[in-house]
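Structure first, then comments.
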Amino acid sequence: MKVVLYMATSADGLVAKKDGDSDWVSDVDAAVFDKKIKELGCIVVGRTTFDQYYGDLYPVEGVTNIVLTTDDARKSEKESVVFVTSARDALEIAKKKGHQEILLIGGGTVNGMFLKEGLVDEMILSVHPKVLGEGIRLFEGGEVDVDLELKSVKQLGEDLVQLRYKVKKASRLS
Ligand SMILES: NC(=O)c1ccc[n+]([C@@H]2O[C@H](COP(=O)([O-])OP(=O)(O)OC[C@H]3O[C@@H](n4cnc5c(N)ncnc54)[C@H](OP(=O)(O)O)[C@@H]3O)[C@@H](O)[C@H]2O)c1
């Protein structure tokens, strides 16, 4: 199973303001993001992000939506939405549903959890021309030391750059 993380960040590595606002993400990036979701067909998202955009962005129709929560009693009313309580379970569910790749789409807590467990294989970061100073970091949950290999740099808009990295030594669940 390949895990691709896709996130919009500020130039100082934040994914949302302190109050959770990430409405500064550009339309150009949102369109690329949407295309990537459809291409991979499976997203993994934290419960906070899922609930924040419930009925607006999520659940995404036509793809598998896997939502991380510590609430093991939470049940979904939709077949396309599955709640899981660990990163490994997220990967197992994706595999059972026939996916070979998943798109990890935040927020910072869930990203940090996957990274610490060595489960992120690739990162696509859309770096927005913005400094937020304080807010939710790309990877929450403490110190990590992960080496990356730059695969590509794309200019998406006038001020927007998309970086694609391979994560070195990511462990895999076959
Ligand atoms: N810029 C971007 O591209 C982007 C993308 C996505 C999100 N965001 C922003 O990120 C913010 C949310 O980030 P966040 O870090 O606060 O939350 P998050 O990562 O979206 O979700 C955190 C939730 O995941 C569940 N969780 C955490 N650790 C877990 C574990 N070990 N096992 C099982 N479940 C676990 C918990 O849900 P329960 O509370 O239910 O237990 C926790 O409250 C939002 O404001 C959103 O706007 C930005």
Side-chain angles (χ1 to χ4, degrees), residues 3-40 42-60 63 65-78 81-94 102-120 122-144 154 156-157 159-165 171 173:
V3 178
V4 180
L5 176 145
Y6 190 119
M7 292 296 285
T9 77
S10 62
D12 53 340
L14 300 173
V15 298
K17 291 182 185 174
K18 259 163 91 176
D19 64 359
D21 171 23
S22 62
D23 292 344
W24 43 268
V25 173
S26 80
D27 291 347
V28 179
D29 186 46
V32 177
F33 178 55
D34 197 46
K35 205 170 149 208
K36 196 75 187 167
I37 289 176
K38 302 283 158 51
E39 185 191 319
L40 266 57
C42 181
I43 56 170
V44 173
V45 61
R47 198 272 312 156
T48 307
T49 300
F50 184 77
D51 281 351
Q52 181 177 337
Y53 293 106
Y54 188 82
D56 179 13
L57 296 177
Y58 308 120
V60 181
V63 306
N65 295 246
I66 301 174
V67 186
L68 260 301
T69 177
T70 56
D71 178 4
D72 58 9
R74 184 144 176 193
K75 298 274 178 286
S76 168
E77 288 143 27
K78 291 191 171 208
V81 180
V82 186
F83 290 95
V84 295
T85 55
S86 75
R88 294 276 168 186
D89 283 355
L91 267 57
E92 285 294 349
I93 292 286
I102 62 173
L103 199 63
L104 175 62
I105 58 167
T109 305
V110 161
N111 292 346
M113 178 182 157
F114 269 73
L115 191 70
K116 280 199 161 175
E117 293 190 30
L119 296 173
V120 181
E122 189 179 311
M123 293 181 193
I124 300 169
L125 305 178
S126 298
V127 184
H128 283 62
K130 200 172 215 5
V131 175
L132 296 173
E134 275 189 81
I136 298 171
R137 287 175 294 152
L138 178 55
F139 297 102
E140 292 286 350
E143 197 176 327
V144 284
K154 233 191 253 177
L156 289 189
D159 298 319
L160 185 62
V161 173
Q162 190 169 75
L163 307 171
R164 192 165 67 85
Y165 291 104
S171 63
L173 194 75

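First listed ligand is number 1; within each ligand, the first listed atom is number 1. None of these values were measured; they are calculated from a predicted model.
Protein heavy atom nearest atom 4 (C) of ligand 1, with residue, atom name and distance: Met7 CE, 3.4 Å. Among protein heavy atoms, the minimum distance from atom 7 (C) of ligand 1 is reached at Thr49 OG1, 3.2 Å. Among all non-hydrogen protein atoms, the one lying nearest atom 32 (N) of ligand 1 is Thr85 O, 3.2 Å. The closest protein non-hydrogen atom to atom 46 (C) of ligand 1 is Gln52 OE1, 3.5 Å. Closest to atom 42 (C) of ligand 1 among all protein heavy atoms lies Thr48 OG1, 4.0 Å. For atom 48 (C) of ligand 1, the closest non-hydrogen atom of the protein is Val15 O, 3.3 Å. Of the protein's non-hydrogen atoms, Ala16 CB, 3.8 Å is the one closest to atom 9 (C) of ligand 1. Closest protein heavy atom to atom 25 (C) of ligand 1: Leu68 O, 3.4 Å.
Note that NZ of Lys17 is 8.5 Å distant from CG of Asp23, once rounded to the nearest 0.5 Å. Considering CG of Leu163 and CE of Met123, their distance stands at 11.0 Å, rounded to 0.5 Å.
Checked by atom type and distance alone, the side chain of Ser76 pairs as donor or acceptor with a backbone atom of Val81 at under 3.5 Å. In this structure, Asn111 contributes its side chain and Gly106 its backbone to a donor-acceptor pair below 3.5 Å.
Contacts with ligand 1 closer than 4.0 Å are made by side-chain heavy atoms of Tyr53 only, the backbone lying farther away.
Side-chain contact check for Arg88 versus Leu119: some heavy-atom pair is nearer than 4.5 Å. Side-chain contact between Thr49 and Ile105: absent, with no pair of heavy atoms (C-beta onward) separated by less than 4.5 Å. With a 4.5 Å cut-off on side-chain heavy atoms, Asn65 and Val45 do not count as touching. The closest side-chain heavy-atom distance from Ser126 to Leu156 is below 4.5 Å.
Near Gly108, with a cut-off below 4.0 Å to any heavy atom, the atoms of ligand 1 are 13 (O), 15 (O), 19 (O). Under a 4.0 Å criterion applied to the non-hydrogen atoms of Gly46, ligand 1 contributes the atoms 18 (P), 20 (O), 21 (O). Those atoms of ligand 1 that come under 4.0 Å of a heavy atom in Gly20, given as number and element, are 44 (C), 45 (O), 47 (O). The atoms of ligand 1 that sit less than 4.0 Å from any heavy atom of Arg47 are 21 (O), 23 (C), 24 (O), 37 (O), 38 (P), 39 (O), 40 (O), 43 (O). Within the listing of ligand 1, atoms 5 (C), 6 (C) sit less than 4.0 angstrom from a heavy atom of Ile105.
At a 3.5 angstrom cut-off on N or O pairs, Thr69 counts as close to ligand 1. Between Ile136 and ligand 1, a contact under 3.5 Å exists for no N or O pair. For ligand 1, the polar-atom distance check against Ala8 finds a nitrogen or oxygen pair separated by under 3.5 Å. Close N/O approach between Thr9 and ligand 1 is not found [any backbone or side-chain N/O within under 3.5 Å]. Checking only distances, Trp24 never comes within under 3.5 Å of ligand 1, N or O to N or O. Considering backbone and side-chain N/O of Tyr6, none are found under 3.5 Å from N/O of ligand 1. Below 3.5 Å of separation, one finds an N or O of Thr109 facing an N or O of ligand 1. In terms of N/O distances under 3.5 Å, ligand 1 is not approached by Ser86. Of the polar atoms of Met113, none of the N or O atoms is found under 3.5 Å from an N or O of ligand 1, judged by distance alone. Polar contact with ligand 1: absent for Val84 (N/O pair, distance under 3.5 Å).
Among all heavy-atom pairs drawn from Trp24 and Leu14, the shortest one is CH2-O, 3.8 Å.
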Trace of the side chain to side chain contact (heavy atoms under 4.5 Å, CB included) decision for Val84 with Leu68: CA-CA 5 Å; Val84 295; Leu68 260 301; 4.0 Å; yes
Show the numbers, then the answer: is there a side chain to side chain contact (heavy atoms under 4.5 Å, CB included) between His128 and Ser10? CA-CA 5 Å; His128 283 62; Ser10 62; 5.7 Å; no
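Not a single heavy atom of Phe33 sits closer than 4.0 Å to an atom of ligand 1.
Under the 3.5 Å distance criterion, with hydrogens and angles disregarded, no donor-acceptor pair is assigned to the side chains of Asp71 and Thr69.
Under the ring-ring contact (aromatic ring centres under 6.0 Å, His included) criterion, Phe114 pairs with no residue, sequence neighbours left out. Considering only residues two or more places apart in sequence or on other chains, Tyr6 meets the ring-ring contact (aromatic ring centres under 6.0 Å, His included) condition with Phe33.
Taking a 6.0 Å sphere around CG of Asp19, one finds it holds more than 12 heavy atoms contributed by other residues, nucleotides or ligands.
Proximity annotation for atom 19 (O) of ligand 1: of Leu5, Val25, Val110, Asp71, Val110 comes nearest, heavy atoms only.
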